[in-house]
Amino acid sequence: MKKVIYYFSGTGNSLYAAQKIAEALDGAQLISVRCDPQSVSAKDADVIGFVCPVYEWDVPGAFKEFIAGLAINPKAYLFMVTTYIAVLGKSFETVAELLEKKGARLHYGRALRCVASQCIAYPPFPPEKLMLPYMDQQIKKAGREISGKNLRDYPRMSPLTRRRFGKVMGPYLAIEHEYDKGFYADDRCRGCGICAKVCPTRNITMEDKHPSWHHHCHGCNACVAYCPTKAIQFQTPEAYRKLGTVICKMLRLPEGRKRYHHPLVQAKDLMTDRMEFLSSSAMLTDQSNNTD
C-alpha cells in the first residue's frame, strides 16, 4: 500500500505533524510542495495526506498551486491536517474544492493548535512548555484516526469569518508580494545559505554570499527562525506602512525576541524535500533536493 503525505512547513510545526502521522501510518513518504507536482504523482497512492499551516485564513498560495498541478488517485483515502493558532478560515474548503475538480474528496480533516511562530509580529505563544505537549496529544489522536481510515468532516469557515474574509484579509493578500521587501541580512551573515535552503517557496537565492528575496514569500519566517547567527532582520515594508492596520503596526523584530521553530525539526529536515518513513523507529531520507 502506497502512502504519501504532501506538506508545506516554514518553522517546522507542520512538518513535525506530518512526521508523526507518517509514524502512525507505520510508514509513509513525505514530500515537500517545493517539488514539481508532476514528478511526485499520487496516481498510484492508496492513502494521500495534505499537511500545512494556515496563513491569512487560508492555505499558503504555493500549497494551492501544488495541489492544482498534482495527479492523484480519486479512490484513495484522503486526509488533511492544518496547524494554526486562531482562525482556520477557508483552508479546508480551498483544498476540498481543488480535490473535487479532480473527482476526489476529503475523507478526514482536523486542525491542530500549535505555537504561533510569526516572530516578526509577536513573540511565540502560548508558552512552548504548555503548547508542545498539547500539540503532541492532538497529533496522536489524529494519527490514530487516520491510520484507522476514520471519516471526519473537515471544519468550515464560520459565518462571521466568511463575511469578513474579503475586508480583513483582502488588503494583505493584495500586497503579499511586497512582504519580503522587509527582510535583509546584517553584518552577522556568514553566507552559509541555510535561509535559501529552508525556504519552502524557493524564494531566496544567494548573491555575493548574501540572501536575496524574490517576492514569492508567504511570510513563513523559516529564514528568520533557522538563521544560525540571527543575521536575518526585518523592517516593515513601505506597502504595509501605508496600509496602516493594527497588524501592520505590529511588524517588527526586536533583537531579543525569540525566533521560534519547532524544537524537534532542524534546518536539515526542511532542506530535504523527500523523506521515507519506514516505521515509528526508523527513517530513511532522500538527500537530493533537486526534485523539480
Side-chain angles (χ1 to χ4, degrees), residues 7-17 32-34 52-56 60-63 83-86 114-128 131-132 172 175-241 247-273 289:
Y7 69 91
F8 178 108
S9 191
T11 55
N13 289 326
S14 292
L15 177 53
Y16 179 75
S32 168
V33 299
R34 292 195 302 190
C52 72
V54 175
Y55 293 161
E56 280 81 34
F63 202 71
T83 56
Y84 81 117
I85 187 59
C114 64
V115 178
S117 58
Q118 189 74 312
C119 64
I120 65 162
Y122 39 69
F125 72 92
E128 294 174 48
M131 185 53 71
L132 291 176
Y172 299 109
I175 60 172
E176 186 181 40
H177 62 283
E178 299 279 336
Y179 184 90
D180 65 4
K181 291 183 178 180
F183 291 118
Y184 66 96
D186 67 18
D187 57 10
R188 287 174 288 188
C189 179
R190 62 190 188 197
C192 67
I194 288 176
C195 55
K197 294 173 184 175
V198 299
C199 178
T201 61
R202 299 192 190 280
N203 182 52
I204 302 172
T205 59
M206 298 300 292
E207 300 177 9
D208 296 324
K209 296 185 178 181
H210 276 70
S212 178
W213 288 261
H214 298 283
H215 318 313
H216 301 290
C217 177
H218 296 315
C220 76
N221 281 217
C223 57
V224 175
Y226 285 97
C227 177
T229 61
K230 297 185 178 181
I232 305 298
Q233 302 297 324
F234 185 87
Q235 291 183 339
T236 308
E238 180 65 23
Y240 284 77
R241 286 200 296 269
I247 293 177
C248 289
K249 292 176 181 178
M250 292 170 60
L251 297 180
R252 58 194 180 90
L253 185 56
E255 182 63 28
R257 179 171 291 168
K258 181 176 176 59
R259 299 173 177 224
Y260 169 86
H261 66 74
H262 194 286
L264 297 181
V265 177
Q266 304 305 309
K268 62 182 177 62
D269 299 318
L270 290 176
M271 294 177 191
T272 305
D273 289 339
N289 287 320

Residues in salt bridge (Lys or Arg N to Asp or Glu O under 4.0 Å) contact with [X], at least two apart in sequence or another chain:
X    : answer
D208 : none
R190 : none
E207 : none
K249 : none

Are any of the side-chain heavy atoms of [X] and [Y] separated by less than 4.5 Å?
X    : Y    : answer
K197 : C192 : no
P200 : L270 : no
L253 : F183 : no
Q118 : M250 : no
Y122 : I247 : no
Q233 : E255 : yes
K181 : E238 : no
F8   : P53  : yes

Mind checking the [atom1]-[atom2] spacing from [X] to [Y]? Nearest 0.5 Å is all I need.
X    : Y    : atom1 : atom2 : answer
R259 : C223 : CZ    : SG    : 9.0 Å
K258 : F125 : NZ    : CZ    : 15.0 Å
S9   : F63  : OG    : CZ    : 10.5 Å

Discussion item. Between T205 and S212, does the side chain to side chain donor-acceptor pair (under 3.5 Å) criterion hold? Intermediate values first, please.
Written reply: CA-CA 5 Å; T205 59; S212 178; 4.7 Å; no
Discussion item. Which residues pass the side chain to side chain contact (heavy atoms under 4.5 Å, CB included) test with C189, not counting sequence neighbours?
Written reply: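 C189 satisfies side chain to side chain contact (heavy atoms under 4.5 Å, CB included) with A185, H210, P211, A231 only.
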Worksheet entry | Test side chain to side chain contact (heavy atoms under 4.5 Å, CB included) applied to S32 - qualifying residues, sequence neighbours left out |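 S32 satisfies side chain to side chain contact (heavy atoms under 4.5 Å, CB included) with Y7, R34, D273 only.
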For the residue pair [X] and [Y], what are the closest heavy atoms and their distance?
X    : Y    : answer
I175 : Y240 : O-OH, 3.4 Å
R257 : A121 : NH1-C, 3.5 Å
M131 : P126 : CE-CG, 3.3 Å
T11  : A225 : CG2-CB, 4.0 Å
T229 : R188 : OG1-O, 3.1 Å
C114 : I85  : O-CD1, 3.3 Å

Under 3.5 Å donor-acceptor, [X] side chain and [Y] backbone:
X    : Y    : result
N13  : V115 : yes
T201 : H216 : yes
Q266 : P263 : yes
D269 : A267 : no
N203 : H215 : yes

Item to complete: Using the six-membered ring wherever Trp is involved, compare the ring planes of F234 and Y179 and label them parallel, tilted or perpendicular (cut-offs 30° and 60°).
Response: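 Tilted, since the angle between the ring planes falls between 30° and 60°.
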Worksheet item: Do Y55 and H218 have their ring centres less than 6.0 Å from each other?
Response: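 Judged by ring-centre distance (under 6.0 Å), Y55 and H218 do not meet the cut-off.
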Fill in: side-chain contact (heavy atoms from CB on, under 4.5 Å) assessment of S117 paired with Y260
CA-CA 6 Å; S117 58; Y260 169 86; 3.4 Å; yes
Worksheet item: Counting only heavy atoms not in R252, do more than 12 fall under 6.0 Å of its CZ?
Response: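 It does not: R252 CZ has 12 such atoms or fewer within range.
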